[in-house]
Amino acid sequence: MKKYMHIKLICLGSLLAFTACDEEFLNKTDPTVLVSDNFYQTETQVIQAVNGVYGQLRPLHLNQWQYTEFISDNTTLHFNPGNRGSGPSLEALEFWQYNPATPNITNLYNSTYGVMVNVNTTLSKLPESVASEAIKTRSEGELKFIRAYLYFHLVQHFGDVIIITEPVNSPAEAFEYERQPVETVYQQILSDLNTAVNALPVSYDSDQVGRVTKGAALSLLGKVHLTRGNYGLAIDALDQVTSMGYDLLADYADIFDPQNKNHQESVWDIQYQGDNQFGVNSNFIYTFAPRESFGAVIDFPGQEGGGWNTPSNDIIAAYEEGDLRKEVSLKEGYTDLDGEYVGVPFINKYNHPHSIRGVTNDNWPVIRYADVLLMLAEAINEVDGPTGVAYGYLNEIRDRAGLDPLSGLGQDAFREAVLDERRIELAFENHRWFDLKRTMETQELVSFLNAYGLQERANPTTSREGIPFSNGDFIFEAHEILFPIPQDQIRINSELTQNPGY
């Protein structure tokens, strides 16, 4: 952790300019050079520091799809035979060829702990601030929610990880940290989330919308309990969210429309702002649109996409006939500027008009109310089987999609139905990898993914233009359920151990 843990917070100048929410919340004065010794004193400074942490979540979520969708059966890539430079990074994730030197895994590890630096520093400075008790309490809740969220992702991706909850003031301290067992990490997550639940408000005034709420904390708490198989505790947490004023929107497309941000179904979104040059925009469609689309998908002359996170043949086939979500979520191809149809699929959820090339206004939905309802259906089924209440939550989602209600299923079949529904309802929102890991035993998941890999090798979603797969492409091994600890971290901290198999 030497790269991050020994620094005091000297990077706030670039982080505190922006907040996590709407326009007034996004445009804040930028302190130029700030250090932890002379900051965090006033209420304004505390709020700026917390806003800086929200700001760090934006770049983190621009790339999170790599580790949660791309690695799964949901998405693949628009193969580029002329550029093989991404093999060691992005393609390594897609083809399950990653190792301790894979750059993108190193980036995930370092950037996540990089956010933790500012979380822990701000938390440590709260007691000495002259901010009001209300702001201190709220800020503690926000920061501990974010820390729990980060650790939930770390423990899912890496297993045992370093737990750090205080600032590290010297390089020597960083070398004293060892990986802690998964159970210990989860206890830290639960502790932070319980604090957040008690500290956070149910809602905010309009100029603060976008901050994490009690509903977000309870939703994540429910997800953590669900992941650990504590179904009764999951129900207790998630059931509270149902009485907090959230609801499904009538039209699935409205969920993702940038003109309709922070709506009644949004429990927590990562906030982006386009149509300006402030540097707080998203750009998802530029990553996801097909290569060589040249303005036919992204409405700027000559603009092509990266061709990454391409919907797989497998997920396209998983949509039931008449599902209203399909056209919103993905397109199976596009018509080029010569009027010819090109059968390269792409994610459509984040494809909206915008005024500046490369600068989009799409938020990223982290927790939606639909997710809460489906988690409730899953947890209730595990405790009592498919009760009427569980069916009600599941069929509420299906009804909006224009699909017939389900009935008459046994517990196993209902469990499978919920997983299938989650795949489609939450497609391309970074849930699939964790859902597969939660609902399948190790060997079942290995077999499942290798079956998908065989299918993709035999009939690739996009043409490989005569270039064969490498021998190890799409072959999944049990140890790959966890990512390797980056070799750079092991090199600088001899106390760190590597995950088995790497």
Side-chain angles (χ1 to χ4, degrees), residues 145 148-149 151-152 155-156 182-183 185-194 196-198 202 213-248 265 267-268 366-401 403-426 429 431-445 448 481:
F145 171 91
Y149 175 73
Y151 270 118
F152 180 64
V155 76
Q156 287 282 289
V182 166
E183 178 61 26
V185 181
Y186 273 118
Q187 290 307 313
Q188 179 62 50
I189 292 169
L190 292 172
S191 174
D192 279 347
L193 285 177
N194 285 322
V197 167
N198 292 323
V202 173
T213 61
K214 186 184 294 289
L218 284 166
S219 298
L220 183 56
L221 180 62
K223 180 163 287 190
V224 171
H225 285 313
L226 188 68
T227 300
R228 302 180 75 226
N230 295 327
Y231 302 113
L233 293 175
I235 294 168
D236 290 343
L238 296 168
D239 192 54
Q240 294 179 62
V241 184
T242 64
S243 60
M244 289 183 171
Y246 299 105
D247 202 359
L248 300 182
E265 189 168 338
V267 179
W268 186 45
V366 180
I367 305 173
R368 287 201 281 119
Y369 190 54
D371 183 13
V372 172
L373 296 183
L374 289 171
M375 286 192 290
L376 267 170
E378 180 179 336
I380 292 169
N381 180 61
E382 296 301 331
V383 174
D384 295 318
T387 67
V389 173
Y391 270 115
Y393 291 139
L394 175 60
N395 287 329
E396 190 175 350
I397 304 293
R398 291 179 59 82
D399 180 67
R400 178 174 63 181
L403 300 176
D404 293 335
L406 297 178
S407 62
L409 302 176
Q411 187 179 45
D412 290 345
F414 188 89
R415 181 186 301 119
E416 188 66 28
V418 171
L419 180 61
D420 291 345
E421 201 64 42
R422 287 184 63 83
R423 186 185 191 189
I424 300 302
E425 173 66 27
L426 304 173
E429 297 178 40
H431 295 274
R432 181 62 172 171
W433 183 240
F434 292 172
D435 283 353
L436 290 175
K437 291 178 63 171
R438 184 182 71 251
T439 57
M440 293 186 183
E441 298 293 336
T442 296
Q443 287 308 312
E444 182 184 6
L445 179 57
F448 177 88
I481 290 174

**Student:** Could you grab the distance from atom CD1 of Ile397 to atom CG of Leu373, nearest 0.5 Å is fine?
**Tutor:**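 One gets 5.0 Å once the value is rounded to the nearest 0.5 Å.
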
**Student:** Give the minimum heavy-atom separation between Leu409 and Ala417, together with the two atoms involved.
**Tutor:**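 Nearest pair, atom of Leu409 first, then Ala417: CD1-CB, 4.0 Å.
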
**Student:** Filter on ring pair (Phe, Tyr, Trp, His ring centres under 6.0 Å), then keep only pairs touching residues 218-238, sequence neighbours left out; what's left?
**Tutor:**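 Listed by first then second residue: nothing to list.
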
**Student:** Between OH of Tyr151 and CD1 of Ile189, what distance do you get to the nearest 0.5 Å?
**Tutor:**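 These two atoms lie 9.0 Å from each other.
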
**Student:** If you measure from CG on Leu218 to CG on Asn194, what distance do you get to the nearest 0.5 Å?
**Tutor:**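 Atom-to-atom, Leu218:CG and Asn194:CG are 9.0 Å apart.
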
**Student:** Sequence neighbours left out, what passes side-chain contact (heavy atoms from CB on, under 4.5 Å) with Asp247? Give chain and number order.
**Tutor:**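 Asp247: side-chain contact (heavy atoms from CB on, under 4.5 Å) contacts with Gln264, Glu396.
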
**Student:** Do you know the tightest heavy-atom contact between Ser219 and Val267?
**Tutor:**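 Nearest pair, atom of Ser219 first, then Val267: OG-CG1, 3.7 Å.
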
**Student:** Please round to the nearest 0.5 Å and tell me the distance separating atom CG of Leu426 and atom CG of Asp435.
**Tutor:**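 Going from CG on Leu426 over to CG on Asp435, the span is 7.0 Å.
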
**Student:** Give me the atom names and distance for the closest heavy-atom approach of Phe145 to Leu220.
**Tutor:**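 Where Phe145 meets Leu220 most closely, the heavy atoms are CE1-CD2, 3.8 Å.
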
**Student:** Tell me every residue that passes ring-ring contact (aromatic ring centres under 6.0 Å, His included) with Tyr393, counting only those two or more places apart in sequence or in another chain.
**Tutor:**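 Counting only residues at least two positions away or on another chain, Tyr393 forms no ring-ring contact (aromatic ring centres under 6.0 Å, His included).
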
**Student:** With sequence neighbours excluded, tell me which residues meet ring-ring contact (aromatic ring centres under 6.0 Å, His included) with Tyr149.
**Tutor:**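 Tyr149 satisfies ring-ring contact (aromatic ring centres under 6.0 Å, His included) with His61, His153, Trp268 once adjacent residues are dropped.
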
**Student:** Only counting residues at least two apart or in another chain, list the ones meeting salt bridge (charged side-chain N to carboxylate O under 4.0 Å, His left out) with Asp192.
**Tutor:**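 Salt bridge (charged side-chain N to carboxylate O under 4.0 Å, His left out) list for Asp192, sorted by chain: Arg147.
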
**Student:** Tell me whether Ser191 contacts the main-chain N or O of Gln187 through its side chain, where contact means a donor paired with an acceptor under 3.5 Å.
**Tutor:**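 A pair under 3.5 Å: no.
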
**Student:** Can you name the side-chain hydrogen bond (donor to acceptor under 3.5 Å, both in side chains) partners of Tyr246, sequence neighbours left out?
**Tutor:**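 Here the qualifying residues are Thr213.
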
**Student:** Using side chain to side chain contact (heavy atoms under 4.5 Å, CB included), reason through Glu425 and Arg400 one step at a time and then give a plain yes or no.
**Tutor:** CA-CA 10 Å; Glu425 173 66 27; Arg400 178 174 63 181; 2.8 Å; yes

**Student:** Which heavy atom in Ala234 sits nearest to a heavy atom in Gly222, and how many Å separate them?
**Tutor:**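 Shortest heavy-atom contact: CB-O, 3.5 Å.
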
**Student:** Hey, could you give me the CZ/CZ distance between Arg422 and Phe434, rounded to the nearest 0.5 Å?
**Tutor:**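 The distance works out to 12.0 Å.
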
**Student:** Please identify each residue that fulfils ring-ring contact (aromatic ring centres under 6.0 Å, His included) with Tyr186, with sequence neighbours left out.
**Tutor:**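 None.
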
**Student:** Quick test of your reading: applying salt bridge (Lys or Arg N to Asp or Glu O under 4.0 Å), list the pairs with at least one residue in residues 217-240, sequence neighbours left out, ordered by first then second residue.
**Tutor:**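 Found Glu183-Arg228, Lys223-Asp371.
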
**Student:** Specify the closest pair of heavy atoms between Leu248 and Glu265, including all atoms of both residues, with the distance to one decimal.
**Tutor:**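 Residues Leu248 and Glu265, closest heavy atoms: CA-OE1, 3.4 Å.
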
**Student:** Would you tabulate the side-chain donor-acceptor contacts of residues 378-386 under 3.5 Å, counting partners in other chains and residues two or more places apart, or write 'none'?
**Tutor:**
unit_1, atom_1, unit_2, atom_2, d
Glu378, OE1, Arg438, NH2, 2.8
Glu378, OE2, Arg438, NE, 3.0
Glu378, OE2, Arg438, NH2, 3.3
Asn381, ND2, Gln411, O, 3.1
Glu382, OE1, Arg415, NH2, 3.2
Glu382, OE2, Arg415, NE, 2.6
Glu382, OE2, Arg415, NH2, 3.4

**Student:** What pair of heavy atoms forms the shortest contact from Leu374 to Glu421, and how long is it?
**Tutor:**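 Closest pair (atom of Leu374, atom of Glu421, distance): CD2-CG, 4.1 Å.
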
**Student:** Please report the interatomic distance CG(Leu233) to CG(Leu226), rounded to the nearest 0.5 Å.
**Tutor:**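 Going from the CG atom of Leu233 to the CG atom of Leu226 covers 11.0 Å.
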
**Student:** I want to check something: taking the side chain as every heavy atom from C-beta on, are Val185 and Phe152 in contact at a cut-off of under 4.5 Å?
**Tutor:**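 The answer is no; the side chains never approach within 4.5 Å.
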
